[in-house]
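Take a look at the structure set out below.
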2 protein chains.
Amino acid sequence: MSQAFRLKQAIEDAVIAGEFLPGDRLDEASLAERFGVSRTPIREALLQLGSEGFIDVRPRRGAIVSVPSPTRLFEMFETMAEIESACGRLAARRLTPENDAAMTAAHQACELAARAGDSEQYYADNRIFHEAIYRASCNGFLADQALALHKRLSAYRRIQLRARNRLLQSLQEHAGVLEAIRAGDEQLAATRLHDHVLAQGERFSDMVLGLAERQRAAAAGGRSRAAK
Amino acid sequence: MSQAFRLKQAIEDAVIAGEFLPGDRLDEASLAERFGVSRTPIREALLQLGSEGFIDVRPRRGAIVSVPSPTRLFEMFETMAEIESACGRLAARRLTPENDAAMTAAHQACELAARAGDSEQYYADNRIFHEAIYRASCNGFLADQALALHKRLSAYRRIQLRARNRLLQSLQEHAGVLEAIRAGDEQLAATRLHDHVLAQGERFSDMVLGLAERQRAAAAGGRSRAAK
DNA sequence: TAGATGTTGATTGCATGCTGTATCGATTGT
DNA sequence: ACAATCGATACAGCATGCAATCAACATCTA
């Protein structure tokens with residue numbers, strides 16, 4: 001496989017894993033040194049990630065992990081809610097035993113993580129659960145689109161799942177969604193998924209302003225670190 | 001603005017304009033010569049278009065304008081239907097006088113083109129009408145996603161609008177959508193847009209097999225042209 | 001004659017070097 | 001003392017060159 005493709009995955013994974021935070025600078029030279037390749041494949045990887053919205057490539061000014069405005073972030077969550085709700089509706093209509101099994105297994109994994117209060121584990125299993133719903137729509141393209149957006153929002157979802165009671169509430173919402181899909185109730189599945197996702201977005205509206213505040217503080221205090 | 005960005009737009013426009021058809025090879029050297037630049041910015045443009053799904057970049061085998069399988073194509077239309085329907089629902093909920101005016105103007109332009117039987121003009125005005133609906137959702141991110149997918153499907157929409165009575169039927173469906181949005185009827189707007197888009201997809205199911213047939217024939221007969 | 005294998009040609013993938021621009025700091029003038 | 005302008009440095013953008021790989025064609029064998 002080509003270097004650029006591997007690097008794209010590696011950088012994307014690093015962003016999803018929280019190694020690079022929104023606002024962090026991604027300069028070509030340091031990444032090239034870190035991965036032991038020249039600047040060219042790094043550039044190609046960065047440009048692709050830019051097209052997918054993970055990072056902002058500002059002409060002549062380098063790439064940074066994208067920092068959507070609060071408004072934009074809410075729009076992204078609202079869009080996620082619409083897409084997930086479409087997945088849920090189709091899943092309810094077309095559920096197969098295999099997809100049912102996959103969703104159930106993922107839900108049980110979430111339950112274990114939630115009871116243990118392990119938010120990192122829940123974060124991972126939550127993604128598997130949602131991906132199972134996407135696949136259950138029996139529309140591979142829609143599932144790909146949903147997963148891409150899910151990844152883009154993962155940095156923000158992670159922060160938000162830190163609150164412990166949110167874990168249990170999220171789990172309960174998952175159960176409701178699963179129940180509706182199993183019952184073949186398209187409308188209910190769509191509504192519950194919509195609310196489940198949008199709840200995150202709304203819970204976020206509060207948090208975002210605080211985060212933006214911290215970002216600005218970090219930017220002011222972190223100049224020396226970046227300059228070093 | 002950077003060369004790569006301009007080239008990306010230029011190549012994308014050429015694909016949308018039908019200058020490059022699905023399956024056509026896009027080799028770096030000829031594009032570099034055509035645009036008078038080196039291969040590097042061409043490569044960067046192609047990789048970005050690949051990330052956006054316009055073209056397939058097969059490792060070590062060059063890029064071609066993507067040729068989705070009939071199944072994939074139907075999935076794309078179904079996804080488009082879901083996303084447009086979400087736009088319509090939000091537009092009905094949030095309609096402003098400015099957005100109303102934009103949609104109405106676009107609809108009237110469509111009407112002129114349809115009555116004249118000018119399918120190329122209708123193709124252009126149709127896109128403006130749909131884009132007006134996306135913007136009317138008052139969700140910039142959702143609108144961007146919708147427009148990106150609309151562009152990806154434009155090659156197929158164009159073929160299908162060639163049938164003359166389809167123009168008038170499409171126009172009538174537009175009128176119904178607009179009416180529902182104006183009335184603030186979210187459910188009706190969503191349903192009508194969903195059906196409007198999916199009708200294209202279904203009308204396509206027939207056509208796709210024939211197209212695939214022609215593609216194969218062209219590939220067999222066109223080898224010499226490609227080799228020349 | 002048909003199939004398989006080796007070789008050649010063409011094209012992609014990556015590295016490196018140079019140029020132009022943006023940012024940061026210093027110096028000068030008000 | 002503060003602001004503005006000029007210069008230096010560092011980094012992105014692009015071109016070019018080389019190496020690796022894939023595809024096509026020809027040749028050889030069964």
Side-chain angles (χ1 to χ4, degrees), chain A residues 1-12 15 20 23-52 54-67 215-216 218-228, chain B residues 1-12 20 23-51 54-67 215-216 218-228:
Chain A
M1 189 70 44
S2 76
Q3 293 274 53
F5 185 77
R6 281 182 29 217
L7 291 167
K8 184 187 127 200
Q9 298 284 13
I11 298 174
E12 181 180 313
V15 171
F20 297 114
D24 281 1
R25 186 105 189 271
L26 300 168
D27 89 294
E28 301 175 356
S30 1
L31 288 171
E33 192 181 8
R34 165 172 172 171
F35 290 106
V37 296
S38 86
R39 282 173 45 220
T40 307
I42 295 284
R43 259 185 86 71
E44 293 176 349
L46 290 180
L47 285 169
Q48 289 184 68
L49 289 172
S51 279
E52 292 167 22
F54 269 92
I55 64 179
D56 273 10
V57 283
R58 307 162 300 174
R60 288 266 173 210
R61 296 184 58 207
I64 60 169
V65 179
S66 62
V67 190
Q215 287 283 346
R216 247 172 298 166
R223 292 263 168 85
S224 52
R225 183 193 61 143
K228 190 208 135 237
Chain B
M1 190 70 45
S2 78
Q3 292 274 51
F5 185 76
R6 281 181 30 216
L7 292 167
K8 184 187 125 198
Q9 299 285 13
I11 298 173
E12 182 181 311
F20 297 115
D24 281 1
R25 186 107 187 271
L26 300 168
D27 86 295
E28 301 175 356
S30 6
L31 287 171
E33 191 181 8
R34 166 172 173 173
F35 290 106
V37 297
S38 86
R39 282 174 47 223
T40 306
I42 295 285
R43 262 184 85 72
E44 294 175 349
L46 290 180
L47 285 169
Q48 289 184 67
L49 289 172
S51 279
F54 268 92
I55 64 179
D56 272 11
V57 283
R58 307 160 302 174
R60 287 269 172 209
R61 295 185 59 208
I64 59 169
V65 179
S66 62
V67 189
Q215 285 282 347
R216 248 173 297 167
R223 293 258 168 88
S224 53
R225 182 193 60 141
K228 185 193 141 255

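Order of the sequence lines fixes the chain letters, A, B, ..., with proteins taken first and strands second; residue numbering starts at 1 for each chain.
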Subject >> For B:Leu31 against B:Ile11, the heavy-atom pair lying closest together >> reply: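 Distance-wise, the nearest heavy atoms are CD1-CD1, 4.3 Å.
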Original post:
Taking all atoms of both residues into account, what is the closest heavy-atom pair of A:Ala45 and A:Ala4, and its distance?
Top reply: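 Smallest interatomic distance, heavy atoms only, reads CB-O, 3.6 Å.
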Subject >> A:Gln9, CD atom: more than 12 neighbouring heavy atoms under 6.0 Å >> reply: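 Result for CD/A:Gln9: enclosed.
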Subject >> Interface with DNA chain C, restricted to residues 39-48 of chain B and to heavy atoms under 4.0 Å >> reply: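 Contacting residues: B:Arg39, B:Arg43.
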Subject >> Any residue of residues 56-63 of chain B with a heavy atom less than 4.0 Å from an atom of DNA chain C >> reply: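 Nucleic-acid contacts, sorted: B:Pro59, B:Arg60, B:Gly62.
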Between atom [atom1] in [X] and atom [atom2] in [N], what is the gap in whole Å?
| X | N | atom1 | atom2 | answer |
| --- | --- | --- | --- | --- |
| B:Glu33 | C:dA10 | CD | C1' | 15 Å |
| B:Glu28 | C:dA10 | CD | C1' | 12 Å |
| A:Lys8 | C:dG13 | NZ | C1' | 17 Å |
| B:Gln3 | D:dA12 | CD | P | 18 Å |

Original post:
By side-chain contact (heavy atoms from CB on, under 4.5 Å), which residues pair with A:Glu52, not counting sequence neighbours?
Top reply: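 A:Glu52 satisfies side-chain contact (heavy atoms from CB on, under 4.5 Å) with A:Lys8, A:Glu12, A:Leu49, A:Phe54, B:Ser51 only.
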Subject >> For A:Arg61, all residues meeting side-chain contact (heavy atoms from CB on, under 4.5 Å), sequence neighbours excluded >> reply: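 In terms of side-chain contact (heavy atoms from CB on, under 4.5 Å), with neighbours along the sequence ignored, A:Arg61 is linked to A:Arg58.
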Subject >> Residues that B:Arg60 engages under side-chain hydrogen bond (donor to acceptor under 3.5 Å, both in side chains), provided they are two or more places apart >> reply: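 Not a single residue meets the side-chain hydrogen bond (donor to acceptor under 3.5 Å, both in side chains) criterion with B:Arg60.
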**OP:** Answer whether the closest heavy-atom distance between the side chains of B:Ile64 and B:Asp24 falls below 4.5 Å.
**Re:**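 Side-chain contact under 4.5 Å: no.
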**OP:** Could I get the full list of salt bridge (charged side-chain N to carboxylate O under 4.0 Å, His left out) partners for B:Arg25, not counting sequence neighbours?
**Re:**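 Here no residue qualifies.
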Original post:
If only side-chain N and O atoms of B:Arg6 are considered, is one of them under 4.0 Å from the OP1 or OP2 phosphate oxygen of D:dC14?
Top reply: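 Answer is no, no contact under 4.0 Å.
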